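This report refers to the structure that appears directly beneath it.
For the single chain, residues carry numbers from 1 onward in sequence order. Everything numeric here is computed off the predicted structure, so don't read it as measured data. The basis for the numbers below is simple: all heavy atoms, side chains too, and nothing from hydrogens, waters or symmetry mates.
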Amino acid sequence: MKVTKYILSVSLITVLVSCDSFLDVKPKESISDVVTIVDRTSAETAIRGVYSALADGGYYGTSFQSIGYLSGDNIVWTGSQSQVQEFINKRVNADNSTISGAWIAIYRTINRANNVIEKVATVTDPQLTQALKNQYIGEAYFIRALAYFDLARTWGGVPLITKPTVNPTDNVGIARSSQAETYAQVLKDLEAAEPLLPATTDRYRATRKTVWALRARYHLYQKEWVKAEEYADKVITDATNYRLLKPFSAFFANDARGTAESVFEIFYNGTTEVNGHRGQWQPQTNGGTRQWAPNDALVTLLNNPAVGGTRSSLVAKDNQNRWYGNLYYRNPASDPSYILRAAELYLIRAEARAQQDKLTVGLADLNAVRDRAGVVASAAATKDELLLAIENERRIEFALEPHRWFDIVRTGRAAAVFGVTDANRLLLPIPVQQLLSDKALTQNPGY
């Protein structure tokens with residue numbers, strides 16, 4: 001199958017069943033990227049399609065997430081497929097199928113968002129009120145911001161596509177922007193989304209509060225400590241709706257979903273929307289393949305009461321006495337994918353405060369996360385001690401989520417922590433299929 005630049009051809013995009021009521025249910029429906037938006041119904045269908053692309057197995061369903069944790073130091077590969085081992089070895093090749101699938105899935109998401117942004121504003125259906133138009137367009141801006149953020153931190157500068165792609169050759173010849181320009185697009189989209197979105201609480205759809213949470217992460221990556229603290233604080237202070245839950249497993253165990261821990265998660269129902277992630281983690285006795293598993297170092301940390309506390313619930317043993325990851329466990333496969341959690345906002349604010357020498361309040365944020373996990377308070381007394389304690393806490397708190405690789409890269413500690421001394425390896429290669437299909441694309445240095 002020939003892979004075109006950025007998106008798959010329209011014929012390959014799945015059209016799923018529609019749902020009964022848009023505003024009352026989780027996003028479900030996928031659409032063709034070039035659907036004509038002419039009324040409220042088609043606008044609703046289009047924005048569902050954006051969420052569906054975000055939930056795809058190539059994006060937050062499995063592949064993109066796996067890049068974030070397989071590339072870290074918590075996971076071991078148990079199979080024989082060398083392309084997965086490339087992430088663990090930190091020697092990813094340009095023909096790696098995972099990065100190709102993630103690249104395509106992310107650009108498909110961007111294309112669907114572009115479709116909503118451009119077309120919804122022009123609809124004249126009186127049932128599509130201005131408030132609904134604003135909401136749908138704001139959601140599309142938010143998801144496009146998230147997509148470009150993920151592209152920037154994974155590949156660096158990428159082609160910036162802000163108009164819908166109708167034909168596979170529409171965007172051939174567009175050169176890569178710089179990483180700084182790509183991050184600038186992220187901020188531009190977040191700033192566009194914020195005033196359009198409602199100031200409500202919704203854990204499955206973008207709202208103004210969801211924008212604040214992603215802005216906190218964005219400013220942390222940009223080392224804009226004051227802004228990172230400000231936007232994390234906006235979410236944390238809404239304690240009625242967002243808070244740390246005890247025990248740690250309360251946000252995912254016993255089929256929990258949409259708890260106060262969650263700022264933004266993706267909904268799957270296990271039938272028409274399936275999260276195949278659990279199959280990679282669960283052992284054969286639970287219907288999985290256990291293709292990857294927590295390594296010995298992580299198991300030791302999680303099971304140490306002074307470090308892991310109740311986060312030991314992230315791992316379990318199968319009937320062969322082998323450890324496996326247990327964040328994704330539901331059968332049928334309806335586990336949410338967790339994109340933004342309250343714990344991340346606390347640790348973002350802790351790090352931002354530490355970087356501003358606000359050690360007392362930064363330590364308090366760190367210890368709030370530790371207390372929730374049943375771990376004794378940290379006694380970090382200096383800025384360097386506090387920053388290291390936060391780094392270590394993030395490793396455990398998000399052990400099976402896609403943060404570890406990106407955290408260590410953004411803090412400039414890849415050589416010390418991972419032994420990666422070749423700076424070129426801090427970005428992944430542009431997938432070779434994309435280079436072959438468009439000569440305007442250039443490869444990252446060192447590949």
Side-chain angles (χ1 to χ4, degrees), residues 26-27 50-51 54-55 59-61 64-65 68-69 106 109 113 138-150 152-154 186-187 189-190 193-194 197-222 227-245 248 250-252 256-268 275 277 327-328 335-352 365 368-369 372 390 393-394 397-404 406-407 410:
K26 316 305 179 289
V50 184
Y51 283 100
L54 184 68
Y59 199 2
Y60 275 95
F64 176 76
Q65 289 209 68
Y69 52 70
I106 294 173
T109 304
E139 289 175 286
Y141 272 123
F142 169 81
I143 294 174
R144 191 172 76 179
L146 175 61
Y148 275 121
F149 179 84
D150 290 335
R153 62 178 173 160
T154 306
V186 174
L187 182 58
D189 283 348
L190 289 174
E194 184 173 350
L197 289 168
T200 54
T201 300
D202 193 319
R203 309 189 195 282
Y204 304 103
R205 301 186 59 178
T207 70
R208 199 170 300 171
K209 298 172 185 179
T210 323
V211 171
W212 295 342
L214 185 55
R215 280 200 67 165
R217 184 193 288 176
Y218 165 85
H219 290 299
L220 186 77
Y221 273 66
Q222 301 306 304
K227 287 290 187 181
E229 179 185 7
E230 174 190 347
Y231 280 95
D233 191 67
K234 282 176 176 283
V235 182
I236 293 169
T237 54
D238 185 4
T240 301
N241 294 303
Y242 305 107
R243 61 188 181 277
L244 300 168
L245 301 180
F248 171 80
F251 77 91
F252 70 90
R257 68 173 77 241
T259 70
E261 169 80 21
S262 180
V263 180
F264 184 46
E265 65 184 54
I266 298 176
F267 178 88
Y268 301 86
N275 186 355
H277 211 170
L327 179 62
Y328 295 94
D335 300 280
S337 285
Y338 305 99
I339 298 182
L340 293 159
R341 293 203 281 117
E344 183 185 358
L345 277 299
Y346 272 92
L347 292 174
I348 286 174
R349 193 171 70 174
E351 187 174 339
D365 282 336
V369 175
R372 183 276 292 274
I390 293 166
E393 200 69 27
R394 289 180 67 95
E397 179 70 23
F398 309 119
L400 308 185
E401 296 171 73
H403 290 279
R404 180 63 171 170
F406 298 115
D407 280 342
R410 69 176 173 80

Nearest-0.5 Å distance that lies between atom CG in Leu340 and atom CG in Leu345: 7.0 Å
Side chain to side chain donor-acceptor pair (under 3.5 Å) between Thr210 and Thr207, worked out: CA-CA 5 Å; Thr210 323; Thr207 70; 3.3 Å; yes
pair Glu351-Glu393: side-chain heavy atoms closer than 4.5 Å: no
Within-4.5 Å side-chain heavy-atom neighbours: Val369 and Asp365: no
Tyr221 ring center within less than 6.0 Å of Phe149 ring center: yes
Backbone of Asp233 reached by a side-chain donor or acceptor of Thr237 within 3.5 Å: yes
Closest non-hydrogen atom pair between Leu400 and Tyr328, with its separation: O-CE1, 4.5 Å
Heavy-atom closest pair, residues Tyr242 and Asp202: OH-N, 4.5 Å
Rounded distance (nearest 0.5 Å) linking atom CG of Leu190 with atom NE2 of His219: 8.0 Å
Heavy-atom donor-acceptor pair, Glu261 side chain to Arg341 backbone, under 3.5 Å: no
Euclidean distance, Leu54 CG relative to Arg144 CZ, rounded to 0.5 Å: 14.5 Å
Donor-acceptor contact below 3.5 Å, side chain Arg203 vs main chain Thr259: yes
Closest heavy-atom pair and its distance - Asp189, Ala145: CB-CB, 3.7 Å
Flag side-chain contact, heavy atom, 4.5 Å: Arg153 against Arg410: no
CZ-CD1 distance between Arg243 and Ile236, expressed to the nearest 0.5 angstrom: 14.0 Å
Heavy-atom side-chain contact between Phe406 and Arg217 under 4.5 Å: no
Presence of salt bridge, Lys227 and Glu230, under 4.0 angstrom: yes
Chi angles and distances behind the side chain to side chain contact (heavy atoms under 4.5 Å, CB included) call for Glu344, Glu401: CA-CA 11 Å; Glu344 183 185 358; Glu401 296 171 73; over 6 Å; no
Phe251 and Tyr338 aromatic centres sub-6.0 Å: yes
Ile266 and Tyr51: CA distance, side-chain angles, deciding distance, side chain to side chain contact (heavy atoms under 4.5 Å, CB included) verdict: CA-CA 8 Å; Ile266 298 176; Tyr51 283 100; over 6 Å; no
Atom of Ala250, atom of Ala256 and distance for their closest heavy-atom approach: O-CB, 3.5 Å
Quiz item: cation-pi between Arg349 and Tyr346, 6.0 Å / 45°: yes
Closest non-hydrogen atom pair, Ala342 against Ala260: CB-O, 4.5 Å
Whether His277 and Tyr69 hold their rings parallel, tilted or perpendicular, with breakpoints at 30° and 60°: parallel
Under 3.5 Å donor-acceptor, Thr201 side chain and Asn241 backbone: no
Worked verdict on Tyr59 versus Leu146 for side chain to side chain contact (heavy atoms under 4.5 Å, CB included): CA-CA 11 Å; Tyr59 199 2; Leu146 175 61; 4.1 Å; yes
Rounded distance [0.5 Å steps], CD1 in Ile106 versus OG1 in Thr154: 6.0 Å
Donor-acceptor under 3.5 Å (Glu194 side chain, Arg208 main chain): no
Residue pair Glu265, Arg257: steps toward the salt bridge (charged side-chain N to carboxylate O under 4.0 Å, His left out) verdict: CA-CA 9 Å; Glu265 65 184 54; Arg257 68 173 77 241; 5.3 Å; no
Close side-chain approach of Val50 and Glu139, heavy atoms under 4.5 Å: no
Minimal non-hydrogen separation, Gly138 against Ala193, with atom names: O-CB, 3.4 Å
Sub-4.5 Å side-chain heavy-atom contact between Tyr204 and Ser262: no
Audit row: Phe264, Phe142, ring-ring contact (aromatic ring centres under 6.0 Å, His included) steps and yes/no: CA-CA 12 Å; Phe264 184 46; Phe142 169 81; 5.6 Å; yes
Side-chain (Tyr268) to main-chain (Ala55) donor-acceptor, under 3.5 angstrom: yes
Distance (rounded to the nearest 0.5 Å) between Ile348 CD1 and Arg394 CZ: 6.0 Å
Full working for side chain to side chain contact (heavy atoms under 4.5 Å, CB included) between Lys234 and Tyr231: CA-CA 5 Å; Lys234 282 176 176 283; Tyr231 280 95; 3.7 Å; yes
